[in-house]
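Only one structure is covered here, and it is reproduced in the block below.
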There are 2 protein chains.
Amino acid sequence: MDTQHYLQAAERLCAANGGKLTELRRQVLELVLGYPGVVKAYQVLADLQRDRGAAAPPTVYRALDYLAQYGMLHRVDALNGYIVCHHFECSHQALILACEQCGGVEELDADATFQSLSQTTARAGFVPRAQSLVLTGSCKHCQP
Amino acid sequence: MDTQHYLQAAERLCAANGGKLTELRRQVLELVLGYPGVVKAYQVLADLQRDRGAAAPPTVYRALDYLAQYGMLHRVDALNGYIVCHHFECSHQALILACEQCGGVEELDADATFQSLSQTTARAGFVPRAQSLVLTGSCKHCQP
DNA sequence: CAGGTAATGTTATACAGTAACATCCGCGAT
DNA sequence: ATCGCGGATGTTACTGTATAACATTACCTG
């Protein structure tokens with residue numbers, strides 16, 4: 001999916017949730033799209049300041065939170081960062097592997113794993129927050 | 001496992017790894033044991049300051065990192081916190097469910113899920129970092 | 001146009017984590 | 001015993017991450 005189609009899909013997703021892909025949100029989403037892997041809020045903030053003169057932390061955090069809330073981005077807790085989700089229109093569950101060394105990200109289908117996971121958590125009456133599961137570790141190019 | 005036996009097991013684990021459960025580490029471990037769920041580094045720091053007069057962030061972070069490195073504690077990235085691992089002597093993989101509302105924690109066996117997970121990641125040549133998987137969400141008492 | 005709602009701007013601050021260097025302490029070798 | 005080494009801890013200062021609280025704007029709708 002190229003950037004144009006991706007942004008159009010993002011617009012549709014916002015609209016479907018009663019919101020809008022505002023100029024700021026689009027700009028932030030494009031900035032994150034420009035990185036191959038994990039990007040940090042303060043990096044996006046710096047980019048934003050370069051592009052539009054002024055911006056403060058809440059500006060970028062609000063946009064990132066919004067985009068993550070509807071699945072266009074995923075937050076990678078272990079790295080205090082964000083990644084683009086390229087599957088937000090698909091129904092299948094993605095397993096995200098984020099490399100701590102190179103910052104690269106890979107998304108895999110993991111329906112089987114998710115079935116197993118959700119059965120286990122359901123048995124405990126527990127509802128996981130994240131739609132997608134993010135693991136950190138070492139990718140095949142960065143093995144120790 | 002009561003506290004005494006737990007601490008003895010922790011000592012053995014440290015020794016087995018060529019280290020020691022020093023006074024500071026024992027104290028930190030006991031403090032974390034005293035909380036029913038997730039506890040934050042700065043909470044432990046405050047407790048430590050109360051108990052021994054002076055302590056700075058590196059003191060508590062070093063102890064927490066050490067304890068987490070060998071599995072006595074787990075870090076919960078999503079909450080910037082730590083929890084006690086009650087299974088560090090067992091071989092089975094634990095799935096940890098941490099409630100974002102009440103801070104409570106539950107540990108489940110999840111060997112099946114882990115098998116599925118590790119097959120999936122292995123196929124991608126990816127080596128996950130954490131021995132144990134921590135999910136955040138809502139426990140059965142805190143459903144929205 | 002009035003008034004409400006969502007979004008953004010602004011300031012200040014709280015919370016989380018680490019670098020760098022000093023000091024201490026236990027222990028084995030001389 | 002003491003020298004010197006390495007692991008652990010103390011101390012200072014700082015960087016990075018995130019949010020509270022309030023002001024302002026933009027836009028829609030009646």
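None of these values were measured; they are calculated from a predicted model. Labels below follow one simple rule: chain letters A, B, ... track the order of the sequence lines, proteins then strands, and each chain is numbered from 1.
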**Request:** Only counting residues at least two apart or in another chain, list the ones meeting side-chain hydrogen bond (donor to acceptor under 3.5 Å, both in side chains) with B:R123.
**Result:** none
**Request:** Just jot down the side-chain contact (heavy atoms from CB on, under 4.5 Å) partners of B:N17, sequence neighbours excluded, or say none.
**Result:** B:L13, B:Y70
**Request:** Tell me, please, which residues at least two apart from B:S116 pass side-chain hydrogen bond (donor to acceptor under 3.5 Å, both in side chains).
**Result:** A:T113
**salt bridge (charged side-chain N to carboxylate O under 4.0 Å, His left out) involving A:D77 - partner list, sequence neighbours excluded** = A:R75, A:R129
**Counterpart residues, side-chain contact (heavy atoms from CB on, under 4.5 Å), relative to A:P36 (two or more places apart)** = none
**Fill in**
A:Y35 meets the ring pair (Phe, Tyr, Trp, His ring centres under 6.0 Å) criterion, sequence neighbours left out, with none
**Complete:** Residues passing the side-chain hydrogen bond (donor to acceptor under 3.5 Å, both in side chains) test with B:E106, sequence neighbours excluded, are none
**Asked** Which residues in residues 10-45 of chain B have at least one heavy atom lying under 4.0 Å from any atom of DNA chain C?
**Response** B:K40, B:Y42
**Asked** Can you name the residues that form a side-chain contact (heavy atoms from CB on, under 4.5 Å) with A:C139, not counting sequence neighbours?
**Response** A:C99, A:C102, A:H141, A:C142, B:F126
**Message:** Checking B:E23 now: which residues fulfil side-chain contact (heavy atoms from CB on, under 4.5 Å) with it, not counting sequence neighbours?
**Reply:** B:R26, B:Q27
**Message:** Reading DNA chain D from 5' onward, which residue's closest nucleotide shows up sooner: B:N80 or B:Y66?
**Reply:** B:Y66
**Asked** Which parts of residues 47-59 of chain B get close to DNA chain C, meaning a heavy atom less than 4.0 angstrom away?
**Response** B:P57, B:P58
**Prompt:** Taking OP1 and OP2 of C:dT10, is either one under 4.0 Å from a side-chain nitrogen or oxygen of A:R62?
**Reply:** no
**Asked** Between A:Y82 and A:Y61, does the ring centroid distance fall short of 6.0 Å?
**Response** no
**Prompt:** Going 5' to 3' along DNA chain D, which nucleotides are the first and last within contact of chain B (any atom under 4.0 Å from a heavy atom)?
**Reply:** D:dA8 to D:dT12
**Message:** What is the separation between atom CG on B:L64 and atom C1' on C:dA16, rounded to the nearest whole Å?
**Reply:** 12 Å
**Prompt:** Which sits closer to the 5' end of DNA chain D, B:A63 or A:L79, going by the nucleotide each is nearest to?
**Reply:** B:A63
**Asked** Would you say A:L48 and A:L24 make side-chain contact, with heavy atoms under 4.5 Å?
**Response** yes
**Request:** Provide, to the nearest angstrom, the distance between the CG atom belonging to B:D65 and the C1' atom belonging to C:dT18.
**Result:** 10 Å
